[in-house]
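Only this structure's heavy atoms are used, side chains among them; waters, hydrogens and symmetry mates stay out.
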Amino acid sequence: MSQPSVPAHSGLTTHVLDTARGKPAQGIRVELYRVAAESGGETRQKLTEAVTNQDGRTDAPLIERGSLTPGTFELTFHVAEHFRGFPGVSEPPFLDRVTLRFTVSDTTGHYHVPLVMTPWSYSTYRGS
């Protein structure tokens, strides 16, 4: 039986790791936007919203395999609620929302954009 061809465009996934607690961050609301340049500024179009599960991942890709197109995107992670009550965290928490803006140019590979965070810092990388 022949294998179906793999779409040229891939998908987009994310997950959130809480390195202060040493485990995935569950219950983080994540919003995905497409950003487009316009004369006099830019527009942001909300594409989807999800909440991280017990593994710190969304239950489904934010953009399904085969649907990712070139462009600029933003992932906004709502992290304040996650850090409320954490030892040493002030009220309101130092981090409220973390927004990562990135550009997709090569759609032949998968884009995995995780958030690695503590109550006072964060980092990201392009995974596969």
Side-chain angles (χ1 to χ4, degrees):
M1 181 177 241
S2 68
Q3 294 283 332
S5 63
V6 176
H9 301 291
S10 192
L12 172 68
T13 55
T14 191
H15 74 275
V16 183
L17 299 172
D18 178 343
T19 57
R21 290 182 172 104
K23 62 183 184 177
Q26 181 177 359
I28 304 290
R29 184 165 59 107
V30 181
E31 297 171 311
L32 174 66
Y33 295 87
R34 177 178 282 279
V35 181
E38 272 188 2
S39 61
E42 62 186 26
T43 60
R44 294 170 69 237
Q45 175 192 7
K46 188 173 183 179
L47 301 178
T48 193
E49 182 176 314
V51 176
T52 58
N53 60 25
Q54 71 280 356
D55 194 34
R57 299 174 186 275
T58 57
D59 289 332
L62 298 172
I63 297 179
E64 293 288 336
R65 183 169 175 82
S67 299
L68 185 63
T69 57
T72 300
F73 298 88
E74 283 184 358
L75 280 170
T76 299
F77 300 86
H78 296 257
V79 301
E81 191 59 39
H82 178 77
F83 289 124
R84 282 198 166 84
F86 189 84
V89 172
S90 62
E91 184 57 41
F94 174 66
L95 293 176
D96 178 20
R97 296 178 190 166
V98 174
T99 298
L100 305 176
R101 183 178 282 203
F102 58 97
T103 302
V104 171
S105 55
D106 175 11
T107 59
T108 60
H110 182 76
Y111 281 74
H112 182 69
V113 183
L115 178 67
V116 181
M117 63 180 190
T118 75
W120 309 278
S121 64
Y122 64 89
S123 66
T124 191
Y125 58 92
R126 181 187 169 197
S128 57

Exercise for review: Using the test side-chain hydrogen bond (donor to acceptor under 3.5 Å, both in side chains), find all partners of Lys23 that sit at least two apart in sequence or belong to another chain.
Suggested key: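 Scan of Lys23 (side-chain hydrogen bond (donor to acceptor under 3.5 Å, both in side chains), adjacent residues dropped) gives none.
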Study note, to complete from the structure: Contacts of His78 meeting ring-ring contact (aromatic ring centres under 6.0 Å, His included) (sequence neighbours excluded), chain-then-number -> none
Can you list the residues that meet the salt bridge (charged side-chain N to carboxylate O under 4.0 Å, His left out) rule with [X], with sequence neighbours excluded?
{"X": "Asp96", "value": "none"}
{"X": "Glu91", "value": "Arg84"}
{"X": "Arg29", "value": "Glu31, Glu49"}

Check your understanding: Any ring-ring contact (aromatic ring centres under 6.0 Å, His included) pairs touching residues 33-52, not counting sequence neighbours?
Key -> none
Side chain to side chain contact (heavy atoms under 4.5 Å, CB included) partners of [X], counting only residues at least two apart:
{"X": "Asp106", "result": "Thr108, Tyr111"}
{"X": "Ser90", "result": "none"}
{"X": "Glu42", "result": "Val35, Arg101"}
{"X": "Thr118", "result": "Thr19, Ala20, Trp120, Ser121"}

Check your understanding: Hey, which of Leu32, Thr58, Ile28 is the one that makes side-chain contact (heavy atoms from CB on, under 4.5 Å) with Thr14?
Key -> Thr58
Check your understanding: Apart from Val116 itself, which Ile, Leu, Val, Met, Phe, Trp or Tyr residues share its cluster (side-chain heavy atoms under 4.5 Å, direct or through members)?
Key ->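 Val116 clusters with Leu17, Tyr125.
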Practice item. Please check if atom CZ in Phe86 has more than 12 non-hydrogen atoms from other residues, nucleotides or ligands closer than 6.0 Å. Key: yes
Exercise for review: Scan for salt bridge (Lys or Arg N to Asp or Glu O under 4.0 Å) pairs involving residues 12-22, sequence neighbours excluded, and state none if there are none.
Suggested key: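 Checked against salt bridge (Lys or Arg N to Asp or Glu O under 4.0 Å) - neighbours excluded - the pairs reaching residues 12-22 are Asp18-Arg21.
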Practice item. Mark yes or no for whether His110, through its side chain, and Gly11, through its backbone, hold a donor-acceptor pair below 3.5 Å. Key: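 Answer holds: yes.
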Check your understanding: Do any N or O atoms from the side chain of Asp55 and from the backbone of Arg57 form a donor-acceptor pair under 3.5 angstrom?
Key ->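 Absent.
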Exercise for review: Determine, stepwise, if the pair Arg44 / Thr76 fulfils side-chain contact (heavy atoms from CB on, under 4.5 Å).
Suggested key: CA-CA 12 Å; Arg44 294 170 69 237; Thr76 299; 4.1 Å; yes
